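Notes for the one structure printed next.
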Amino acid sequence: MSTPNEPSFRESVDIMFNRAVALMDLPPGLEEKIRVCNATYTVRFGVRLRGQIQTFTGYRSVHSEHMEPVKGGIRFALGVNQDEVEALAALMTYKCALVEAPFGGSKGGLHVDPREYDEHEMELITRRFAYELIKRDMINPAQNVPAPDMGTGEREMAWIADQYKRMNTTDINGVACVTGKPTNAGGIQGRTEATGRGVQYALREFFRDTEGVAKAGMSGTLDGKRIIVQGLGNVGYHAAQFLAEEDGCKIVGIIERDGALVDDRGLDVDAVRNWIGGHGGVSGYPDGTYVENGASVLEKDCDILVPAALEGVINLSNAERVIAPLIIEAANGPVTAGADSVLREKGTVIIPDMYANAGGVTVSYFEWVKNLSHIRFGRMQRRQEEARHQLVVDELERLSRHLGDSWSMTPDFKDKYLRGADELELVRSGLDDTMRAAYQSMASVWHDRGDVDDLRTAAYLVSIGKVADSYRAKGL
Ligand code: GLU
């Protein structure tokens, strides 16, 4: 897929980091301290499956412990290796710093194809992997808090949390050892949709930045924008669905493992997702046009390209032909360092992964806080807030009667105003605020510094600055 000169994912992250620190004034020792990955633990363990012992290899890498716990997902995939896990752990450090989630960066991975095993087998494998990490404090509410990533979800997180509780029966904060749990097992509303929702909020904020929009050679709002999304997994599905339903975007291409679907009139995201669920891929889908060479659709005309699958999909072999003026990296590392310079040269605007997909870890942060406080958000305030709003409404209505006026509130306004926020609304509000603030911090560097001409470098400058400050404050 990529050309021989292509740096590895890990090298790509280092190249991008180096480009940013070259513009900073950090002492060389500190620069090196921030760049390197602190530790990577490799575990090989056996599980008895189908009558024989199968050996699995897994990793948990800790990139930076300038804040603890460290945070980052656990990936189950055949592509997992030490280099990849370390690159992803580094991205977690920068991502958390950028969105002010008070964590260091970490990542885990297990070399396994989850589609090859049934639910019971996956439970045995996950619990055994978790056991190995828990007994070394590599899963722990105060030290290292995993979350879902590619190939894992609520189900795996619930097994991990349960495994931790079995091994730490008196830890009152045990449930905070992992985030992304189902809501009936200590999770939070809105975590599953969070990364896709964050992509939507990021794009909304981008389109409020007229200077940024102009730099992409675009105009207008999100309404009517034509989008191609690669990967209809958790992130790609939610992003595409929200953008189509709520922002008037048209999903004109969906790229999946077995090919792509294109339709200039816009594809029905839910229908495609259901089709994939039932048929294992997009081929045979009754609407739109099926394209066997899915990757070629990355090069098709559209306004916004949303790579939401694997790393390295836009690389030196295709970057020149990618013509979308705006790319938002919903996946981690979808654009290699080489492709990044080709695209920058062409004037393509890239909203970088460490910002674009930070919605997941942001809501993980809310879940962790909820777990540590042992109470759901809004439980104390909701009815009190409603009662105070009711007071205002009653008083206004009394006044209007008193004045003999025919004025009245629209029932819709009244309903909305009177209802106190539930957990999901609070989570979305916190996420929206986070995405707006992080965009502003990045965009001000992008627009104000003459030596920064892209959002990725701006994002690195902001986040490395924060990590450096925190090391300095610790006296390191
Ligand atoms: N795996 C997600 C990411 O790459 C979420 C991490 C988390 O919530 O800790 O950002």
Side-chain angles (χ1 to χ4, degrees), residues 9 13 59-65 67-77 79-80 84-110 133 138-141 143-154 156-157 160-161 176-182 186-188 190-199 201-202 231 233-236 238-239 307-311 328-334 351-371 427 430-431 434-435 438 459 463:
F9 181 22
V13 173
Y59 308 88
R60 185 77 182 161
S61 175
V62 175
H63 174 260
S64 177
E65 292 151 293
M67 282 196 185
E68 286 188 311
V70 293
K71 191 93 189 70
I74 290 184
R75 175 173 287 201
F76 284 0
V80 164
E84 183 195 58
V85 171
E86 291 189 356
L88 291 165
L91 281 176
M92 284 309 303
T93 295
Y94 309 129
K95 192 184 302 189
C96 291
L98 186 66
V99 296
E100 300 191 336
F103 304 125
S106 182
K107 200 79 174 200
L110 186 66
L133 296 178
M138 311 243 3
I139 297 179
N140 179 301
Q143 252 172 259
N144 196 325
V145 181
D149 200 80
M150 197 182 292
T152 57
E154 289 188 340
E156 287 72 17
M157 301 307 116
I160 294 173
C177 74
V178 67
T179 57
K181 301 174 293 288
I188 193 166
R191 175 60 185 87
T192 305
E193 64 166 48
T195 314
R197 185 64 78 184
V199 171
Y201 290 164
N234 181 42
V235 181
H238 283 107
L310 282 172
E311 55 258 18
I328 179 158
E329 295 182 326
N332 286 307
I351 304 180
D353 46 8
M354 76 174 75
Y355 166 68
N357 67 38
V361 76
T362 300
V363 178
S364 277
Y365 168 39
F366 302 154
E367 178 176 336
W368 182 72
V369 171
K370 172 187 179 179
N371 292 155
V427 162
L431 176 59
T434 303
M435 297 309 289
S463 58

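Remember, it's 1-based here, ligands and their atoms both numbered in the order they're listed. As the structure is a computational prediction, the values presented were derived from the model and not from experiment. Starting from 1, each residue takes its place in the sequence as its number.
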Could you check if a side-chain atom of Leu133 sits within less than 4.5 angstrom of a side-chain atom of Ile160, using non-hydrogen atoms only?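 Side-chain contact under 4.5 Å: no.
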Please tell me if the side chains of Ile74 and Val178 come closer than 4.5 Å, counting only heavy atoms from C-beta onward.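 No, every pair of side-chain atoms sits at 4.5 Å or beyond.
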Heavy-atom distances under 4.0 Å are what count here, so tell me which part of [X] touches ligand 1: side chain, backbone, both or neither.
X: Pro146; answer: neither
X: Asn332; answer: side chain
X: Met157; answer: neither

Looking at [atom], what's its closest protein heavy atom, distance included?
atom: atom 8 (O) of ligand 1; result: Ser364 OG, 2.6 Å
atom: atom 4 (O) of ligand 1; result: Lys107 NZ, 2.9 Å
atom: atom 7 (C) of ligand 1; result: Ala147 CB, 3.2 Å
atom: atom 5 (C) of ligand 1; result: Arg191 NH2, 3.6 Å

Numbered atoms of ligand 1 (with element) below 4.0 Å of [X], judged on heavy atoms:
X: Met92; result: 3 (C), 4 (O), 6 (C), 10 (O)
X: Gly73; result: 1 (N), 6 (C)
X: Val361; result: 7 (C), 8 (O), 9 (O)
X: Gly72; result: 9 (O)
X: Lys95; result: 3 (C), 4 (O), 10 (O)
X: Gly360; result: 8 (O)

Could you tell me whether a side-chain N or O of Lys71 sits under 3.5 Å from a main-chain N or O of Pro146, the two making a donor and an acceptor?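 Yes; at least one donor-acceptor contact below 3.5 Å.
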Would you say Lys107's side chain and Glu86's backbone share a donor-acceptor pair under 3.5 angstrom?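 No: the side chain of Lys107 does not pair with the backbone of Glu86.
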The criterion is side-chain hydrogen bond (donor to acceptor under 3.5 Å, both in side chains); which residues satisfy it with Arg191, sequence neighbours excluded?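 For Arg191 the side-chain hydrogen bond (donor to acceptor under 3.5 Å, both in side chains) partners, ignoring immediate neighbours, are Ser364.
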Which residues satisfy the side-chain hydrogen bond (donor to acceptor under 3.5 Å, both in side chains) test with Ser61, sequence neighbours excluded?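 Ser61 satisfies side-chain hydrogen bond (donor to acceptor under 3.5 Å, both in side chains) with Thr40 once adjacent residues are dropped.
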Just wondering, more than 12 heavy atoms not from Phe366 lying within 6.0 Å of its CZ?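 Yes, CZ of Phe366 has more than 12 neighbouring heavy atoms, counting only those of other groups under 6.0 Å.
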If every non-hydrogen atom of Met435 is compared with every non-hydrogen atom of Ala202, which pair is closest and at what distance?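 Taking Met435 first and Ala202 second, the nearest heavy atoms are CE-CB, 4.0 Å.
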Please give me the minimum heavy-atom distance between Tyr365 and Glu100, naming the atom from each residue.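 Scanning both residues completely, I find the closest heavy atoms to be CE2-O, 4.3 Å.
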Would you indicate which of Ile74, Val235, Asp353, Asp149 comes nearest to atom 1 (N) of ligand 1 when only heavy atoms are counted?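 Result: the heavy atom closest to atom 1 (N) of ligand 1 is in Asp149.
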Could you tell me whether some N/O pair between Lys71 and ligand 1 is separated by less than 3.5 angstrom?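 Checking ligand 1 against Lys71, an N or O pair does fall under 3.5 Å apart.
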side-chain contact (heavy atoms from CB on, under 4.5 Å) between Leu310 and Phe9: does it pass, once the steps are laid out? CA-CA 11 Å; Leu310 282 172; Phe9 181 22; over 6 Å; no
